[in-house]
Amino acid sequence: MAHEWLDSAIFYEIYPQSFNDTNGDGIGDIPGIIEKLEYIQDAGFNALWLNPCFDSPFVDAGYDVRDFYKVAERYGTNEDLKHLFAEAHKRGMHVILDLVAGHSSSENAWFIDSCKPEKNAYTDRYIWTDSVWNAPDGVGSITGWYRGGYDRDGSAALNFFTAQPALNYGFYKKDEGQDWEQDMNDAGPLSTREELKNIMRFWLGMGCDGFRVDMAGSLVKNDPDKKGTIALWQDVMGFLRKEFPEAVMVSEWGEPDKSLEGGFDMDFLLHFGPSHYPDLFRTEHPYFSSKGEGNLKAFWELYLQNYEKAKKNGGMICIPSGNHDMDRMARTLDSEEMKIAFAFLLSMPGVPFVYYGDEIGMHYVDVPHSIEGGYYRTGSRSPMQWDTSTNAGFSSAKKEKLYIPQDVENMGSINVSTESLDENSLLHEVEDLIEIRKEHSALGNRGDFKLISYEGYPLIYERKHDEETILVVINPSGKDVSSDVDMQGDVLYSYNGNILSGNIVPAQSAFFILKK
């Protein structure tokens, strides 16, 4: 593994428009991120993931990119982003950017040129049918078609929203009678692939440390087993390993067996698809609720399969606290339950990712309308709560100008300043857990993992690295439970001062036990 820094990385995900506003326009910015690097580092995080910060009309919160080579003006300038990379590096931190590889904005200059009837360099940058009347269903992962409003005769494929035309990486299998479908190795798809490499070169040359790739498994169409998409990423990784060997690639794919074969260093467990990730924190009966009604059987069955595949390929799996597309953890768990959830997240293998504000237990905000394509996700994107000053320290703008309304009801009690003063706060618990993880290699990103007990409660697993073995015992339920597992050893961590007595695991407890 070429990227040694990833082995000890603990990521903090930042939604730029909602983190810290330094110019009073109600929207977070890159100078605001730089201003808070000390807080992020003091909390224990040593790596950042920034959601899209490129020029965009923001129909889909920046996932509709208008110019892949320019920072959105509301966040600052390219020089500001370069400065962020440099300031992070001074602190021994790393920064990865969100790379939207599968589509662009319909306002992107490439797409505007591709809409022209005259053949040009961008005619085949996007997926076009041969007629505006030809907009077939069930073609690859295409969700719809952009039809009319331009002089070119054809329909342009869409990914997700109507403002996101799909970039053309070709078709792994071409449909009979659809001669407009291009092969992966045709000139147009290859040109798109080379442009993707150029975008990566540009930002890596600025000091970026890698990318999290949005919907990384969706690029090649009519590719049910993802063989074409895997081959595409293997080609991209070949250039990357040669020119930027320390760059890290993280996939939003949710299928580690495929993403890691493609060359990615790590894959996310997603809140959709087959992972059963919601069973942990975000379902009607989450496992980490004190009600003790959760069931992780399906989760563990798939996780263990993927863990072995990841380990075999030298990659890792991430179990995030949340992200910009999920409900806040606090919507289903209270502060005490979240502390135990973090004991789990920060003792599992793989690279931890914590969504901004989760470390202080920020709530989901019921926003009456969608903002910039957020829809139900809007409530998880509210501005960071720093202190008890105006707008919780996020911005000096009038409340009405804030990008998204804040959690007015709770921001006086749930903020960084208040949490920092409370020695029993969620923030301090997270900080302590990160420190313990860093001090013990068995709890680290590449420490071995062995699941011991998961039928009901408690959850028990073993972490091991070199000569160190640590037993993790977690009982989120509100009742004492028994276990026949040998739990003797030195207790490194005990949530809430709980004490193990014989084979009884106390209610709402978590222990890290150093085995002799």
Side-chain angles (χ1 to χ4, degrees), residues 269 271 275-307 317 319-322 327 329-350 352 358 361 424 426 429-430 432-433 436-437 442-443 447 449-464 469-515:
L269 286 190
H271 57 293
S275 75
H276 287 276
Y277 166 86
D279 296 351
L280 295 165
F281 321 121
R282 293 172 175 83
T283 189
E284 184 179 356
H285 301 293
Y287 184 81
F288 283 88
S289 167
S290 61
K291 293 179 181 179
E293 298 173 351
N295 187 324
L296 292 185
K297 187 173 186 295
F299 169 83
W300 285 117
E301 286 177 354
L302 189 59
Y303 178 84
L304 291 174
Q305 293 177 30
N306 285 331
Y307 172 74
I317 300 173
I319 307 176
S321 71
D327 284 356
M329 188 190 293
R331 199 169 194 187
T332 47
L333 303 180
D334 64 28
S335 181
E336 298 305 302
E337 292 166 334
M338 281 189 280
K339 290 176 183 178
I340 300 173
F342 271 104
F344 166 76
L345 288 167
L346 292 167
S347 62
M348 285 291 289
D358 278 357
N424 296 314
L426 175 61
E429 200 73 27
V430 171
D432 290 346
L433 286 162
I436 292 170
R437 183 182 179 95
L443 294 173
F449 172 81
K450 180 181 179 182
L451 184 62
I452 296 175
S453 176
Y454 66 96
E455 294 283 351
Y457 299 84
L459 168 63
I460 303 176
Y461 49 89
E462 183 181 272
R463 302 295 315 282
K464 188 174 183 179
T469 300
I470 293 175
L471 191 71
V472 178
V473 181
I474 300 178
N475 176 23
S477 76
K479 297 179 181 179
D480 293 355
V481 294
S482 63
S483 172
D484 58 4
V485 175
D486 179 7
M487 295 180 285
Q488 294 184 2
D490 295 331
V491 177
L492 299 175
Y493 168 81
S494 172
Y495 167 65
N496 212 19
N498 281 308
I499 299 174
L500 280 168
S501 178
N503 68 337
I504 301 299
V505 183
Q508 288 198 284
S509 64
F511 301 90
F512 300 165
I513 303 167
L514 182 64
K515 301 296 288 183

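In this structure, the side chain of Asn496 does not engage the main chain of Asn498 through any donor-acceptor pair within 3.5 Å. In terms of modelled atom types and a separation under 3.5 Å, the side chain of Asn503 and the main chain of Ser482 share no donor-acceptor contact. The closest donor-acceptor contact from the side chain of Ser289 to the backbone of His285 lies at 3.5 Å or more, if one exists at all. Put simply, the side chain of Asp279 never gets that close to the backbone of Thr283: no donor and acceptor are under 3.5 Å apart. Panel note: side chain Arg463, backbone Leu471; no donor-acceptor pair is recorded below 3.5 Å. No donor-acceptor pair under 3.5 Å is formed between the side chain of Tyr457 and the backbone N or O of Ile474.
Using a 30° and 60° split on the angle between ring planes, Trp300 and Tyr303 fall in the perpendicular class, above 60°.
Contact check for Ser321 versus Met329: side-chain heavy atoms found under the 4.5 Å cut-off. Side-chain contact between Val472 and Ile460 is absent, with no heavy-atom pair separated by less than 4.5 Å. Side-chain contact between Leu451 and Tyr307 is absent, with no heavy-atom pair separated by less than 4.5 Å. A heavy-atom distance below 4.5 Å is found between the side chains of Leu269 and Ile317. Contact annotation: the side chain of Leu500 approaches that of Pro506 to within less than 4.5 Å [non-hydrogen atoms, C-beta and beyond]. Side-chain contact between Lys339 and Tyr495 is present, with at least one heavy-atom pair separated by less than 4.5 Å. Residues Arg282 and Tyr277 have side chains in contact (heavy-atom distance under 4.5 Å, counting atoms from C-beta outward).
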Should Leu433 and Phe512 be marked as a side chain to side chain contact (heavy atoms under 4.5 Å, CB included) after you check the CA-CA gap, both sets of side-chain angles, and the distance that decides it? CA-CA 10 Å; Leu433 286 162; Phe512 300 165; 3.8 Å; yes
Might you work through the side chain to side chain contact (heavy atoms under 4.5 Å, CB included) test for Leu346 and Val430, ending with a clear yes or no? CA-CA 8 Å; Leu346 292 167; Val430 171; 4.3 Å; yes
Show, in sequence, the C-alpha distance, side-chain angles and deciding distance for Ile340 and Gln508, and conclude whether the side chain to side chain contact (heavy atoms under 4.5 Å, CB included) test is met. CA-CA 7 Å; Ile340 300 173; Gln508 288 198 284; 3.7 Å; yes
With side chain to side chain contact (heavy atoms under 4.5 Å, CB included) as the test, would you mind laying out the steps for Asp490 and Ile513 before giving the verdict? CA-CA 5 Å; Asp490 295 331; Ile513 303 167; over 6 Å; no
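The OG1 atom of Thr332 sits 7.5 Å away from the CG atom of Asp327 when rounded to the nearest 0.5 Å. For the atom pair CG (Leu296) and CD (Glu301), the distance works out to 11.0 Å, reported to the nearest 0.5 Å. Distance check: Asp484 CG to Ser453 OG gives 7.5 Å after rounding to the nearest 0.5 Å. To the nearest 0.5 angstrom, Lys479 atom NZ is 13.0 Å from Lys291 atom NZ. Taking NZ of Lys450 as the start and CG of Leu304 as the end, the distance is 12.0 Å to the nearest 0.5 Å. In this structure, CD on Glu429 lies 12.0 Å from CE on Met338, to the nearest 0.5 angstrom.
Smallest separation of non-hydrogen atoms from Ile470 and Leu443: CD1-CG, 3.7 Å. Taking both residues in full, the closest heavy atoms of Pro320 and Leu345 are given as O-CD2, 4.0 Å, listed atom of the first, atom of the second, then distance. Taking each heavy atom of Pro286 and Leu280 in turn, the nearest pair found is CB-O, 3.6 Å. Nearest heavy atom pair, residue Pro458 against residue Ser483, reads CG-CB, 4.1 Å. Residues Gly361 and Ala330 approach most closely at O-CB, 3.8 Å, considering heavy atoms. For the pair Gly447 and Pro349, the tightest heavy-atom approach, listed with the atom from each and the gap, is O-CB, 4.0 Å.
Separation of the Phe344 and Phe288 ring centroids falls under the 6.0 Å cut-off. For Tyr461 and Phe449, the ring centers are positioned less than 6.0 Å apart. When ring centroids are compared, Tyr454 and Phe299 stay outside the 6.0 Å threshold.
Ser290 and Glu337 share a donor-acceptor pair across their side chains, judged by distance under 3.5 Å alone.
Counting heavy atoms of neighbouring residues, nucleotides and ligands inside a 6.0 Å radius, atom NZ of Lys515 exceeds 12 of them.
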